[in-house]
Protein chains: 2
Amino acid sequence: MDFQPLGLATDLVILTVRDGALQVLLIRRGIAPYKGRWALPGGFVRPAEDLETTARRELTEETGLAAAGLHLEQVATYGAPDRDPRGRVVSVAYLALVPDLPAPVAGTDAESARWVAAPDLLADPARLAFDHHRILTDAVERARAKLEYSPLAAAFCPPEFTISELRTIYEAVWGAPLDPRNFHRKVTKTPGFVDPIGATTTRDGGRPAQLFRRGTAPTLHPPMTRG
Amino acid sequence: MDFQPLGLATDLVILTVRDGALQVLLIRRGIAPYKGRWALPGGFVRPAEDLETTARRELTEETGLAAAGLHLEQVATYGAPDRDPRGRVVSVAYLALVPDLPAPVAGTDAESARWVAAPDLLADPARLAFDHHRILTDAVERARAKLEYSPLAAAFCPPEFTISELRTIYEAVWGAPLDPRNFHRKVTKTPGFVDPIGATTTRDGGRPAQLFRRGTAPTLHPPMTRG
DNA sequence: TCTCCTTGTCGTCACTTTGACGATAAGGGG
DNA sequence: CCCCTTATCGTCAAAGTGACGACAAGGAGA
């Protein structure tokens, strides 16, 4: 066996859609290195703790949300020898998708945790600590790709949602407007994407809209088309 | 910092297409645990060695192939606390796609390294050591998905190949026959998938076939359709 | 050499899906 | 009650797909 001085951590890319924009949860680092800089939330894996358990624990700690129902998936692992100046730290990155709920950044003071618009971060490779810009880039690309072939956009929505609300998610994540009529047709005709709940809502104004729940299909056939 | 007794390893899923079938390179374990069982090739990450460097080094060691031009990508990281009875070992899995070349399992004796048909392995969760069945499952699914939206099938081929040879790759990886005429139309009409080399070959028998090289498109629009 | 066999490549045709966009439905606010 | 907003349905042409016929161009064997 080959044990060496090595830290194992997970970093979280927690995405939500607020005010029609894709946002990432960042924390301001209180200690060196990169003290005072914004970074992805993360932490070390405890002995005998599974990687996903670590990620889910941190997700709860940072957002105050019950992590049980939230979507969480592994994205990639980053292990460049010099990625952390303190020593060898290998980080497993996870992507979490959370709905835009009332109590977002609970449990931490507002100074040190914030939602930040993803496009701004992606445009500036130097704004985040460590290699977190790369992690964020990979995670956002993963999310964008997943919206194409999975019904995962619903993970950004409350349990019951309208087609328009779902479209808002796609537009925010993909960063491009979609035709409401074609989107409606596509979503309702793709088997297993959404199931009508039988009720309507007027919370978006205008004509009352049907409410839907996420369907059971693991993948969409045919997929949604980007660009 | 939080250093704990921890091993960091990489495991390789090296895929090729031989005799029209998708095959995986396995090695027979010479030491406990799982002594005598078949397993994915892998090894520990050296101090100050990048993860991908480790993977590429092992790819060369196991196959005898110059790893420079081979496709190698990270798949996922497996870190269940009990996945290795010797202690906590976290493994980063990589997927390699190699062409069916004359000197496949060089540098090792034939007893301890072998190409094995992937479908057989996938069908029997108990045949591989550790959690390697899960790793293999994830890696093969990744490969199958990538053939849909990327020109990666060419990584299984020699630099110059015919459309039929490419179709053989798809059929082997997806495990289903494809219509030669529709496949030909699709491949040649998808921009950036393949570029004609201007020469022909009769190595497949029958009418001479155009030779192609892999195109430059990173993704296929529209994608190839499975099932 | 000629015929047949094998594989490669081009076409056709019906059907589905997509993108663009007009039109109508059904609430709420003045 | 009119108008504004959003929801939802419909239409139509263009593009893509699946099924399959037909011909091209080599090699093998009679």
Check your understanding: Can you tell me how far C1' of D:dG27 sits from CZ of B:Arg203, to the nearest Å?
Key -> 17 Å

Review point. DNA chain D: A:Gln210 or A:Arg185, which has the more 5' nearest nucleotide?
Key: A:Gln210

Review point. Is the distance from OP1 or OP2 of D:dT6 to the nearest side-chain N or O of A:Ser164 less than 4.0 Å?
Key: no

Review point. Can you check the B:Arg226 CZ to D:dG16 C1' distance for me, whole Å?
Key: 20 Å

Check your understanding: Touch check for A:Thr188, heavy atoms < 4.0 angstrom, all strands: base, sugar-phosphate only, or nothing?
Key -> nothing

Practice item. Determine: side-chain N/O of B:His184 to OP1/OP2 of C:dG8, distance under 4.0 Å, yes or no. Key: no

**Study point:** Euclidean distance, atom CG of residue A:Leu178 to atom P of C:dA20 [Å, nearest integer]
**Key:** 11 Å

Check your understanding: Salt bridge between A:Arg83 and A:Asp11, side-chain N to carboxylate O under 4.0 Å?
Key -> yes

Review point. For B:Ile163 and C:dT9, what is the distance between atoms CD1 and P respectively, to the nearest whole Å?
Key: 7 Å

Check your understanding: Would you call the rings of B:His132 and B:Phe130 parallel, tilted or perpendicular if under 30° counts as parallel and over 60° as perpendicular?
Key -> tilted

Point to revise | Over 12 foreign heavy atoms within 6.0 Å of CZ, A:Arg134 | key: no

Check your understanding: With a non-hydrogen cut-off below 4.0 angstrom, is B:Thr225 in contact with a base, only sugar-phosphate, or nothing?
Key -> sugar-phosphate

Review point. When the distance from CG of A:Asp179 to P of D:dC9 is rounded to whole Å, what number comes out?
Key: 14 Å

Review point. What about A:Arg181, does its side chain sit under 3.5 Å from the base of C:dG22 through a donor-acceptor pair?
Key: yes

Practice item. Calculate the interatomic distance between A:Phe183 atom CZ and C:dC21 atom C1'; express it in whole Å. Key: 18 Å

Point to revise | B:Arg114 NZ/CZ over B:Trp38 ring centroid, <6.0 Å and within 45° of normal | key: yes

Review point. What distance separates A:Leu95 CG from A:Ile14 CD1, expressed to the nearest 0.5 Å?
Key: 10.0 Å

Revision key, fill the gap. Residue pair B:Gly206/B:Pro223 against DNA chain D: nearer the 5' end by closest nucleotide is B:Pro223

Point to revise | Donor-acceptor pair present, A:Arg207 side chain and C:dA26 base, under 3.5 Å | key: no

Exercise for review: Provide, to the nearest angstrom, the distance between the NZ atom belonging to B:Lys189 and the P atom belonging to C:dT9.
Suggested key: 15 Å

Revision key, fill the gap. From NZ of A:Lys186 across to C1' of D:dT8 the rounded distance in Å is 18 Å

Point to revise | Residue mapping more 5' on DNA chain C - nearest nucleotide basis, B:Asn182 or B:Arg167 | key: B:Arg167

